Amino acid sequence: MMTSSKNLFSRAKKIIPSGINSPVRYYDPYPFFVKKAKGSTLWDVDGRHYLDYCNAYGALLLGHGRKEIISDVKRQLGKGTLYCAPTEIEVDLSELISGNFPSMEKVRLVNTGSEATMTSIRLARGFTKKKKIVKFEGCYHGAHDYVLVKAGSGAAHIGMSVSEGSLDEVSKNTLVVQYNNSQQLQSLLEKEDDIAAVIVEPVLANMGLVLPAKNFLNDLRKITSEKNIVLIFDEVVTGFRMSSGGAQKYFSIQPDITTLGKALGNGFPIAAVGGKSEIMDMLSPEGKVYQASTYAGNPISVSAGIASVKTMNKLQSKLYPKLEKNCTKLVSAIHDLASDLKIPHQINSISSMFQIFFTDEPVVDYSSAKKADMVKFKKLFEILLKNEIFIAPSQFETVFLSYAHSKDDVKKTISGYEKALKAVKS
Ligand SMILES: *Cc1c(COP(=O)(O)O)cnc(C)c1O
C-alpha cells in the first residue's frame with residue numbers, strides 16, 4: 001500500500017482507537033501524518049510541508065530540533081538512557097528551575113503535565129488536610145479525574161463536561177468557577193470550608209486564549225492566602241513561554257505550587273512540580289504524600305530540560321522580544337484583514353500566543369468563548385492548512401509561535417490568513 005496520510009490513517013484506525021494517540025490530533029477527514037520536522041516546519045508523508053503554529057501545543061518554544069538540545073541529548077544517549085538511581089544532572093536541572101522560578105523552592109521532576117498537576121493537588125490535600133479543590137471552567141490541567149471537569153482543550157472541543165469512567169465521588173470534589181470571576185470564588189468560599197486548593201492557568205491557553213482580567217490573579221492570591229488554601233499555578237503552557245520565569249514573573253504573583261511541562265523539555269517528555277519547601281517536603285519517603293515514577297528524572301529528558309532552560313536563558317534578551325514582535329505583527333495584520341472584510345471577530349493575544357474568535361463579544365471565559373462561530377473557525381483551519389499553515393485544529397486551542405519562525409514565515413502566514421479569512425467571509 002502506498003504511504004499516504006489517508007492510507008496510514010485507515011491502518012491506524014484498525015489498531016489505534018480513533019487512529020490517534022491523543023484526541024486533539026484528530027480532525028476531519030483525517031490528519032496528515034508527519035515525516036519529519038525542523039525549525040518552524042513540518043513535512044508530511046504526502047510530500048507537503050507546513051509552517052508549524054501548533055508547535056506541539058506550545059512545547060516547542062525554540063522550534064523543532066534546536067541544535068543545543070539535540071547535541072546534549074545525543075551525548076547523553078551514549079551514557080545510558082535510564083538508571084532509576086540519582087544523577088547530578090537532576091540536581092542541576094532542579095536548581096536551574098528554581099533559579100528561574102524562585103517560588104519553586106523545591107522541585108520534583110515528573111514526565112507529563114498531567115502527572116505534575118495530579119501531584120500538586122494531592123500535595124495540597126495532604127498539606128491542608130482538606131478535601132475539595134476549585135478549578136475554573138475551561139481550564140485544562142491534564143487528563144486525570146481530579147481535573148477533568150468542565151475542562152478546556154479536547155474535552156471542550158467535543159463538548160464533554162465530565163468523562164465517562166470518571167468517578168462521581170472524585171468529580172464532585174472538584175468545584176468549578178468561571179474564569180475571571182473572583183467574586184464567584186469568594187462567594188463559593190463563604191459556603192465551603194473544605195477547600196484544599198485553587199488551581200488555575202494564569203493565562204488560559206486551553207479555551208482558545210483567554211487573558212486574566214486585571215486583578216483576577218491578584219484576587220486569587222489574596223483570597224487563597226486569607227483562607228489557608230494552596231494556590232496552584234498550572235504553568236505547563238506559560239512556564240518559560242511568557243517569560244523566563246513564566247506567568248508568575250510576568251504578573252509578579254507568587255503561587256504556592258507551580259506545575260511546569262511543555263516548554264521545559266522543548267520536545268522531550270519532562271515536567272515538574274515545585275513550590276514552598278514546607279509543602280514539597282510532604283512528599284514521600286520523608287513525607288506522607290506519595291508520588292513516584294519509573295521514568296521521572298530520566299537522563300535523556302533531564303539533559304533535554306537542562307539544554308532547553310540554558311538555551312532559553314542564554315537567548316532571553318532576544319527570545320522574548322522576537323516572539324512578542326512576531327506575534328504582535330501577526331495579530332495586527334490578521335485583525336486588519338478581518339476588519340477590512342467586515343468579519344466580526346476578537347483576537348486575544350499575549351507574548352507568543354494568540355487566537356481568533358468569530359464573535360462580536362469579548363472572549364473572557366468559557367461561555368463567551370463558546371459563543372464564537374465554530375463553523376467559521378473550521379473553515380479558517382482548513383484553508384490555512386491548504387496554504388501550508390498548521391494551527392491546532394480547534395477553536396479551543398491556541399496559536400503558538402516559536403523562536404524558529406522567521407520574518408518570511410510571518411509574511412507567509414499573514415498571506416495564508418488573508419486567503420483563509422476571505423474563505424471564511426464567503
Ligand atoms: C498540556 C497541559 C497539561 C497536561 O500536560 P500533559 O503533558 O499533556 O499531561 C496540563 N496543564 C496545562 C495548562 C496544559 O496545557
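In this text, all values refer to a predicted model and were calculated from it rather than measured experimentally. Just so you know, residue 1 is the first one in the sequence shown, and it goes up from there. Just follow the structure's listing: the first ligand is 1, and inside any ligand the first atom is 1.
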Shell of residues surrounding ligand 1, defined by a 4.0 angstrom heavy-atom cut-off that is strict
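The answer is Thr112, Gly113, Ser114, Tyr140, His141, Gly142, Glu201, Asn206, Asp234, Val236, Val237, Lys262, counting any residue whose heavy atom sits under 4.0 Å from ligand 1.
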Glu388: side chain to side chain donor-acceptor pair (under 3.5 Å) partners, not counting sequence neighbours
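Here the qualifying residues are Lys412.
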According to side chain to side chain donor-acceptor pair (under 3.5 Å), who are the partners of Ser166, at least two apart in sequence or on a separate chain?
Asp145
Can a salt bridge be assigned to the pair Lys132 and Glu192 using a cut-off of 4.0 Å between side-chain N and carboxylate O?
yes
Glu137 side chain to Asp365 main-chain N or O, any donor-acceptor pair under 3.5 Å?
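A pair under 3.5 Å: no.
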Which side-chain N or O atoms in residues 205-217 pair as donor and acceptor under 3.5 Å with protein atoms at least two apart or in another chain?
| from | atom 1 | to | atom 2 | distance (Å) |
| --- | --- | --- | --- | --- |
| Asn206 | ND2 | Glu201 | OE1 | 3.0 |
| Asn206 | ND2 | Glu201 | OE2 | 3.2 |

Counting only heavy atoms not in Lys227, do more than 12 sit closer than 6.0 Å to its NZ atom?
yes
